[in-house]
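Proteins get letters first, then strands, A, B, ... in listed order; numbering begins at 1 in each.
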There are 2 protein chains.
Amino acid sequence: MPKPSVPQPERQEKLQVILRHAAQVFCEKGYEGASIRDISRSSGVSLAGLYHYIKSKQQLLYLIQIHTFKTILAQLENSLSGVMEPVEKLRILVHNHLDYFLQHPVEMKLLAHEDEALEGTFRKEVLEVKRRYVEIALEIFEEMRGAGVARRLNPRVAVLSLFGMMNWTYTWHRAEMDPRADALAETIAGMFLHGVMNGHGDTRAKSVRPAGARLRNRRARADNL
Amino acid sequence: MPKPSVPQPERQEKLQVILRHAAQVFCEKGYEGASIRDISRSSGVSLAGLYHYIKSKQQLLYLIQIHTFKTILAQLENSLSGVMEPVEKLRILVHNHLDYFLQHPVEMKLLAHEDEALEGTFRKEVLEVKRRYVEIALEIFEEMRGAGVARRLNPRVAVLSLFGMMNWTYTWHRAEMDPRADALAETIAGMFLHGVMNGHGDTRAKSVRPAGARLRNRRARADNL
DNA sequence: ATTTACCGAACGAACGTTCGAACGGAAGCG
DNA sequence: CGCTTCCGTTCGAACGTTCGTTCGGTAAAT
């Protein structure tokens with residue numbers, strides 16, 4: 001039973017390098033449009049050499065997606081712990097989502113755009129994490145309704161529309177001209193909660209920020225790829 | 001000078017059949033993941049036979065996208081003609097978009113999902129129609145601001161978030177369980193205009209529908225489930 | 001001596017596209 | 001009318017390329 005002193009950590013490190021390059025290539029050319037040879041070229045590892053770290057092209061996408069999703073989910077659960085107010089929970093969710101989105105645009109585009117590329121077990125496992133993630137948002141929304149808010153709305157439509165606003169950003173957000181994560185999250189959370197018509201059709205701008213002003217300390221955490 | 005009595009119309013008809021099958025295949029397997037052979041099999045036209053109607057795989061996607069986009073744009077401009085109230089214009093835009101989306105889910109998914117598949121002139125031409133389409137939404141939003149609404153919002157973020165809500169539907173809307181176009185449009189337009197918190201955090205449901213109640217002869221039913 | 005890391009070369013399959021020939025009906029002509 | 005010419009349509013077969021993956025081997029480290 002050989003106990004490799006070096007292999008384990010170095011192997012994982014190199015796998016991470018490969019995954020980073022693979023994510024970049026998948027992002028640029030799409031999963032189907034990207035070839036293993038593209039990833040080989042980009043990462044500097046030979047074509048055959050890649051297969052010492054992965055078993056297939058599908059597994060490559062799977063590893064990227066599952067890691068990204070589990071990370072953003074764990075970060076969300078952590079940020080949410082201890083928070084009671086449903087509306088603040090929702091603001092935290094939006095901040096967390098967009099923060100991660102703009103900090104890891106490549107991986108998040110892969111999550112949003114390559115939703116149907118995986119098959120079989122890979123697909124099921126990623127979908128399971130996604131289900132949990134959406135479930136959290138739905139529960140928060142139901143809590144808001146329980147507190148007497150948005151009773152007339154279809155929760156599924158409302159929550160998935162919120163995800164639509166957030167996830168669609170990968171198609172248009174340009175770092176050099178658009179708001180950064182914090183401002184973007186404020187805007188989108190504000191739109192979701194109060195709409196674009198502050199008041200009922202005229203100007204009045206109330207102080208539309210009940211909570212969530214100090215969730216900065218919650219999110220300063222270590223995240224790597 | 002041969003004057004073909006039959007050829008012209010029949011040729012166009014058969015092309016339409018091919019385009020329909022191609023759209024279906026592209027929708028199911030993605031543009032890169034779908035092969036010309038898949039389309040050949042699906043449409044019943046031989047592999048070589050396809051090339052009598054199209055010049056390349058890219059042109060196939062181009063023809064689908066450009067036709068879909070020009071149709072929905074023309075329909076929008078038509079529905080908008082004569083309407084003065086900005087808020088009603090916006091409601092019409094949302095209704096028009098979601099109406100078309102749910103009536104042509106395959107083509108609209110292609111428009112939303114295969115945004116980066118085309119290259120060169122094909123790409124530019126589709127982007128040009130898209131630009132005009134988004135421009136209309138932006139102008140409407142600016143008119144709303146001119147009327148004293150939503151002054152504090154970044155128009156680009158607001159409008160693209162609205163498109164996010166609408167376009168993201170292709171990832172989750174199931175005809176058998178989700179609201180139909182009318183109800184969906186009401187909900188999304190309502191969320192965009194007034195947010196999910198009717199009033200400012202408590203229950204009261206005001207009459208939040210200033211105009212656009214009689215868009216057409218549609219069912220005026222609220223959303224359920 | 002065994003295991004791990006790595007790679008050049010090759011595998012068979014599938015890709016988008018093209019070729020060359022066959023088919024079928026209308027047009028030209030005696 | 002028969003016969004030929006022509007042209008749009010169709011397709012089996014093949015083109016050359018690229019695909020994901022594997023094989024067989026070398027080099028270094030344990």
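- A straight line from CD1 of A:Ile39 to C1' of D:dC19 spans 12 Å, rounded to a whole angstrom.
- For A:Ala48, whose side chain is taken as the heavy atoms from C-beta onward, the closest listed nucleotide among C:dC7, C:dC19, D:dT9 is C:dC7.
- Distances shorter than 4.0 Å separate some side-chain N or O of B:Arg11 from OP1 or OP2 on D:dT9.
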List every contact pair, protein side and nucleotides 12-16 of chain C side both N or O, where the distance is under 3.5 Å.
unit_1: C:dC15; atom_1: OP1; unit_2: B:Ser35; atom_2: OG; d: 3.4
unit_1: C:dG16; atom_1: OP1; unit_2: B:Ala34; atom_2: O; d: 3.4
unit_1: C:dG16; atom_1: OP1; unit_2: B:Lys57; atom_2: NZ; d: 3.0
unit_1: C:dG16; atom_1: OP2; unit_2: B:Ile36; atom_2: N; d: 2.8
unit_1: C:dG16; atom_1: N7; unit_2: B:Arg37; atom_2: NH1; d: 2.8
unit_1: C:dG16; atom_1: O6; unit_2: B:Arg37; atom_2: NH2; d: 2.9

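- The CD-P distance, from A:Gln12 to C:dT4, rounds to 15 Å in whole Å.
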Review point. Is there a side chain to side chain donor-acceptor pair (under 3.5 Å) between A:Asn78 and A:Ser81 once you walk through the steps?
Key: CA-CA 5 Å; A:Asn78 180 64; A:Ser81 71; 4.7 Å; no

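- Residues satisfying the salt bridge (Lys or Arg N to Asp or Glu O under 4.0 Å) criterion with A:Lys109, sequence neighbours excluded, are B:Glu116.
- At a threshold of 4.0 Å, the pair A:Arg132-A:Glu135 does not count as salt-bridged, since none of the basic side-chain nitrogens sits closer than that to a carboxylate oxygen.
- Whole-Å rounding puts the B:Gln59 CD to C:dT17 C1' distance at 14 Å.
- Between A:Trp168 and B:Trp168, the two ring planes are perpendicular [angle over 60°; tilted spans 30° to 60°].
- Following rounding to the nearest Å, A:His52 (NE2) and C:dC7 (C1') show an atom-to-atom distance of 9 Å.
- A straight line from CG of A:Leu50 to P of C:dT4 spans 19 Å, rounded to a whole angstrom.
- Across all strands, B:Lys55 comes closer than 4.0 Å to no nucleic acid atom at all (heavy-atom distances).
- Contacts of B:Phe141 classified as ring-ring contact (aromatic ring centres under 6.0 Å, His included), with partners at least two apart in sequence or in another chain: none.
- Salt bridge annotation for A:Arg91-A:Glu88: absent, with no cationic side-chain nitrogen under 4.0 angstrom from a carboxylate oxygen.
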